[in-house]
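Written out below as structure tokens is the structure these notes cover.
Quick note on labels: first sequence line is chain A, next is B, and so on, each numbered from 1.
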Amino acid sequence: MAWRYLKQVEGFWVVFRQMFKPRVTTPYPKVKRVKPQRFHGRHVLNRYPNGMEKCIGCELCAGVCPARCIYVRGKDNPVDEPVSPGERYGFIYEINMLRCIFCAMCVEACPTEAITMTQLFEMSVQGREDAIYTRSELLMSPDGVVPHPQPQSKFNDLGELTLADGWMRATAAAGRAEYQGIRHWTPTAGAGHRPPEQGQAADGVPETEEESEG
Amino acid sequence: MMGFLEDLLGNVFWQAVIKSVAVLVIILVVALLIVWVERKIVSDMQNRVGPMRAGPFGVLQTLADGLKLLFKESVLPRKIELGAYMAAPIAAMVPAFLIFMTIPIGRPFTVGETVVTFQGADLNVALLFILAMSSMAVYSIVLAGWASGSKYPLLGGVRATAQMISYEAAMGLSLVPVIMFASAQLGGASPALGTMSMSQLVELQQGSFRGFIPGWFIFWLIPSFVIFFISAVAETNRAPFDLVEADQEIVGGYHTEYSGFRFAMFFLAEYINMFNVSAIAVVLFLGGWLGPDFGLPGWIAWAMPLFWFFLKTFILVFIFIWIRATLPRLRYDQLMTLGWKRLIPASLVWLLLFAVVTAWRRFGAPWS
């Protein structure tokens, strides 16, 4: 009988003990948690190192998008100065960031790795219309600088915009072991030919191809 | 300067005004601090960080919340009973203030010829007054619940009637041994049979026995203290007895339909009541402002009783918060069982036992 009540009192000690344990809360703007390599942040439209746009205006991303937040219109490349290596290019490209669920299916669908995701997620806006990212906010410049509506401040780190999509650089894309460590993606302006993501081999097979080339 | 202060405190009217304002200021500051302390301690006990943005360590968080509520619209729902709806928050605050008025928070001091007590009013029936006022607190909740014209507040109000009235009984019974013990301590030294004055009850706890144990009533009256504390938790509607405002069951209970500063008044009254019952427990059982002043000079010795009083009270407040962080809410029938089948019989048995022992010690055995 008596021991039963002692057990209940023990709960008080359990609670009291917690006061001296480390806190689980991260005081966010001051301290930022390390993001996973394949973090899904805002999108970026990539260019090849020679300045050509990767987007060919195929609209597969818009088709696959479960949230229907992407609007793309393709246009034939001008014959004398083509924008993309393909037949067409995306001359309208809009993503409604309020609708986007950051599932990265557009990244998976893209045949040319034109759209990838960065690690930046601080995208607060003052109006709904500002949340629609147009081509001018998504497309990187020929030297690889990604535009962003908000300026650099203590709340965001624009350096995260250069971190490329981790999913694409997974060691065994689509789960196929023969792709492990093989760069099956194209180089990007600014970042060059990105190396395979490290530390992904389940069996500890050493990965090949170390450094990137411009 | 000193002469002016003398004149001011020598005048009964101005002394009362100063004391009333001081009580108002102290109780509001204490309530703001307790809200912050509770949030901090509960967050510590849950491995969180709690408020941290407003002021150092978030001390000003409650002030910010209060200002926000002050500027918010106080919505008047359509189905309210206007008079009772408006009166309920005031009826919650007034008893809380009045109870604090009777609590001595420091050693009386003299300015010139006037003895100034650290107490709003030194009533000779303070204990009765406190019990009466804590019964008054039920009215605010019942009025709020009924006047809101809505289901959940009504449920909260009905729960409040049952809960607060049944625990009131145990609380009152647990305080009777205190009065008896005080009377026995006086031992006929006073012309009256006993005392209910808070200041006298504190003075009776002076001294020590066996050299180091202070003469606090708790060492004779532990069962009373335990019963008083449990029923005080229920009386102030704190977890685990917060059925009156159980968020998960009846939204906010009696204050569901209140917004803006009327809600803030209920909120503040709850925390003032928590401080009040802790202070009453300190005065009745833990020696009030008594404590060593280590022979420190001047104003430090003058301030030490205040320090001891607030230290003891905050320890009890901490226990309140600790209980809240630990125990889940009781079911309604468990609450009633605890009140009527455990606490009231226990306090009755303890009262009987204590009465017999006290009478025996004072008047000798019945056959002698």
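- For B:K72, the NZ atom sits in a loose shell: 12 or fewer heavy atoms of surrounding residues, nucleotides or ligands are nearer than 6.0 Å.
- More than 12 heavy atoms of other residues, nucleotides or ligands lie within 6.0 Å of CD in A:Q152, so this atom counts as buried by the packing criterion.
- The 12-atom threshold is not exceeded at CZ of B:F71, counting heavy atoms of other residues, nucleotides or ligands nearer than 6.0 Å.
- Residues B:T326 and A:F16 fail the side-chain proximity criterion, which asks for heavy atoms closer than 4.5 Å.
- Between the side chain of A:R23 and the backbone N or O of B:R48, at least one donor-acceptor pair lies under 3.5 Å.
- In this structure, CD on A:Q18 lies 9.5 Å from CE on B:M45, to the nearest 0.5 angstrom.
- With a 4.5 Å cut-off on non-hydrogen atoms, B:L327 touches chain A through its side chain but not through its backbone.
- In the displayed structure, B:F318 atom CZ is contacted under 6.0 Å by more than 12 heavy atoms of other residues, nucleotides or ligands.
- Atoms CG and NZ, on B:D44 and A:K21 in that order, are 13.5 Å from each other to the nearest 0.5 Å.
- Under a cut-off of 6.0 angstrom, the local environment of CZ in A:R33 is sparse, with at most 12 non-hydrogen atoms contributed by other residues, nucleotides or ligands.
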